Amino acid sequence: MATYLDGLNERQREAVLHKDGPLMIIAGAGSGKTKVLTTRITHLMAHHHIDAFNILALTFTNKAAAEMKERVEKILGNSEARNLYIGTFHSVFARILRSEAPKLGFPSNFTIYDTDDAKSVVKTVINELHLDDKHYKPNQVYNRISSAKNALVGPAEYMNDYGLQQEDARTNRPMIGQIYDAYSKRCFKNGAMDFDDLLFKMYILLKNFPESLHKFQHKFKYIMIDEYQDTNTAQYEIVKLLGAMHENVCVVGDDAQSIYSFRGATIENILQFENDYDDVKVVKLEQNYRSTKNILKVANEIIGNNKGQIEKKLFTDNSEGDKIKLVRTMTDNDEGKMVADAIQENKLRNHYFNQDFAILYRTNAQSRSFEEALRRMGIAYRIYGGTSFYQRKEVKDLLSYLRVVVNPRDEEALKRIINYPARGIGKTTIDKAILFANEQNLSMWDVLCNAAMYGFRSGTLEVIDDFVTMVKMFQSELDKKNAYDIANMVGKNTNLVKELFNDKTTEGLARYENVQELLNSIKEFTETPSNEEDGEVGDKSLGAYLQQIVLLTDADQGDQENTDVVKLMTIHAAKGLEFPVVFVGGLEETLFPNAMSINTREELEEERRLFYVAITRAKTKLYLSYSNARYRFGQLQQNDPSRFIEEIPEQHLDKSYAGASARNNATSPGLRGNAFERMSKGFPSSNQAAQYSRPGANPEPTKPAYAIPARPQLKEHTPSENFEASDTSNLQAGQKVEHQKFGFGVVAKMEGAAHNPIATINFENNGEKKIMLNYAKLRIIAE
DNA sequence: GATTATATGGTTTTT
DNA sequence: CCATATAATC
């Protein structure tokens, strides 16, 4: 048998070797899910000689897709993997729709609206229907439209559905259906699809065009779906259609990690998979290779409070590990300090690097206090998520020009750039143009092209004509120049780049750099050879570029220069990742579980799954923290500890841990005992309220920003001249070693899993330390 | 019509 | 606290 099968356990192997027919892999956290998926793809190709062109693998993030592709490539050792169709639902469907769009009446170069664009269209439409946007909040309306699409409910069906109408009547928003209808029509007129359309229209395509359905059914003989528990109705139905011919559908998921119901995901998809096909093979991966026993036990305990799960019990052969550290702080700023101190301490004491730490939180807004603390301590970090590079104003401005060049019907982009840089086409002119366009059922661009017909003032007419001429000039270059050259030309001719260049403020400089980075990214796109698909040459046009990048998130930005950084992200963003040391912050009522999600059992259970996801990201160390009060909307707000904390068995908790700041707090006047002791004995919150309720009062007694943690003094060791890290894979107790920082010592004991061995070493000058061999540099001196 | 000052109101999670 | 929307002023 092929060597790539060697590293698999029995269950994993069973899944990999299953060739034809539906397969469901229930993969617990850290059970080697990606490994199984990639090995299975490899096996199909290498052993069964399935053509890469016939394999489709769908993921939820670009990162997951890239990783899969890379790993298959690595095992295979040739470039065949490039021909695999691996990508996110959205990007794969966007690619397919690009070639099939004309069937649906859309241009191939259709624009993909990001959430901001889409909300802006919703707002326009609301106003045009003479509805009050204070009552019909664009945000909420958009969410409702989004849910409808994800449930495959079109505008007509929406307006005719009794239940939906009742619901909207009850909230006093009876016109949402009409807004939805107008929104769809406007998007169509603009030649644009939003994120949800990429699924919705894909479904329409397969449903209404049998020849298309047949074509793709035939092409995708083997289908694999990652994170199946997070699929929504649209995705579910598409997969069903695509897989109907061969029924070689393999889904991988974990019902315990379903955390996207707000995006329309229905956990039913995975719970019911066995009923969807005959003879479904089910494989459960229950051995966890990631976490310590302590971490896993807590995770199991937590998730056990949910009901209605697919039965499974995760276990691990890994070591017991430390107890979970639970820390309470007074404010969110203290929480930040505590975490930063703990990171510093772990780096010194246990020889960790920045990259070994992740700070996870429920909401993006929580990143602030962690950032500040890390910056103060001089610890390099990076925030994942939040606004993506492509959403930044200056970047989006240039992109909007390019969008207009590629698809002049794109009204959102047009409105954005028509007067930027200022050229004298103001609000009145724009409103007028849109009004004419709506009356004549034309696009705004059409009106501008024939501006003379609509009675603009002569001065205005002139600037409009200049603008139109310029855009047309760009368009005429589309076929002659590559994407990068066009982008460059646009940047120059519009003075956009120059304007930013002349801004010498720090922010201006950053903006200029961002635009340069955008140009670089376009250049890179044009120059990277793409995989050929079924003989089609990879599409390197500007249109293809634009469609591709909207689907990129911040996390997909290629890993930059500095990779040794502490990572900060929401728990959602952390799904699928793992880190040696994990901090989960903000374990407070109203925050986590979030106040928005405690009204039904379902919501609460999803929050709990989210907590489960957070815990199971940790390999060796897990810190949980919560704060007595935190700033929200600029004001200090009190919160009770999260109910999830009570669900953790006492014997797995270490409540004594406190970083420097927390210790400082414990000595605050009038407080006795450590934080948790006070809290758990029915801590009188009224006391605290009195202390903190005055807005504007500084809640913290002034503390030095650089509180030095009281940690054991490290006797620095200068490595010997011939110091060189040895291969420690066979390190035994009794051997004498030299450590870069801790000096000379003797190995007392070996423990930990094979892939993550931990040595306990007695150092001459620094006492006993636990050293993780994966990270430490040790020189073996003698046995 | 453009630039600047003030008000308002909003936070869950994301492709 | 922050970002965006509206008002006020040039």
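All of these numbers come straight from a predicted model, not from anything done at the bench. We use all heavy atoms of the structure for the numbers below, so side chains are in, but hydrogens, waters and symmetry mates are not. Lettering follows sequence order; numbering is per chain, from 1.
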For the residue pair [Y] / [X], report whether a side-chain donor-acceptor contact shorter than 3.5 Å exists.
X: A:Arg601; Y: A:Asn306; answer: no
X: A:Glu335; Y: A:Ser625; answer: yes
X: A:Asn407; Y: A:Thr111; answer: yes
X: A:Asp194; Y: A:Tyr183; answer: yes

Counting side-chain heavy atoms from CB outward, which of [options] is closest to [X]?
X: A:Thr363; options: B:dT13, B:dT15, B:dT14; answer: B:dT13
X: A:Ser597; options: B:dT12, B:dT13, B:dT15; answer: B:dT12
X: A:Arg362; options: B:dT13, B:dG10, B:dT15; answer: B:dT13

Residue whose closest nucleotide on DNA chain B lies nearer the 5' end, A:Glu603 versus A:Asp196: A:Glu603

With 3.5 Å as the limit, what N/O pairs link the protein to nucleotides 1-8 of chain B?
residue, atom, partner, partner atom, Å
B:dG1, OP2, A:Thr428, OG1, 2.1
B:dA2, OP1, A:Asn419, ND2, 3.1
B:dA2, OP2, A:Asn419, ND2, 3.4

Chain A footprint on DNA chain C, 5' to 3' - any atom under 4.0 Å from a heavy atom: C:dC1 to C:dA5

Does [X] reach a base, just sugar-phosphate, or nothing at all? Heavy atoms under 4.0 Å.
X: A:Phe60; value: sugar-phosphate
X: A:Thr115; value: base
X: A:Tyr260; value: sugar-phosphate

Close residues, residues 140-148 of chain A, relative to DNA chain B [heavy-atom separation under 4.0 Å]: none

Min side-chain heavy-atom separation A:Val125-A:Val141 under 4.5 Å: no

Distance from [X] atom [atom1] to [Y] atom [atom2], nearest 0.5 Å?
X: A:Gln637; Y: A:Thr331; atom1: CD; atom2: OG1; value: 13.5 Å
X: A:Ser367; Y: A:Ile383; atom1: OG; atom2: CD1; value: 4.0 Å
X: A:Asn269; Y: A:Gln235; atom1: CG; atom2: CD; value: 8.5 Å

Pairs flagged by ring-ring contact (aromatic ring centres under 6.0 Å, His included) wherever residues 590-610 of chain A is involved - sequence neighbours left out: A:Phe592-A:Phe611, A:Phe592-A:Phe644

By side chain to side chain donor-acceptor pair (under 3.5 Å) - contacts of A:Ser400 (at least two apart): none

Strand DNA chain C as a dot-bracket string - pairs counted if Watson-Crick or G-U with both distances under 3.5 Å, | where the partner lies in another strand: ||||||||||

Side-chain donor/acceptor of A:Asn109 to backbone N/O of A:Arg403, under 3.5 Å: no

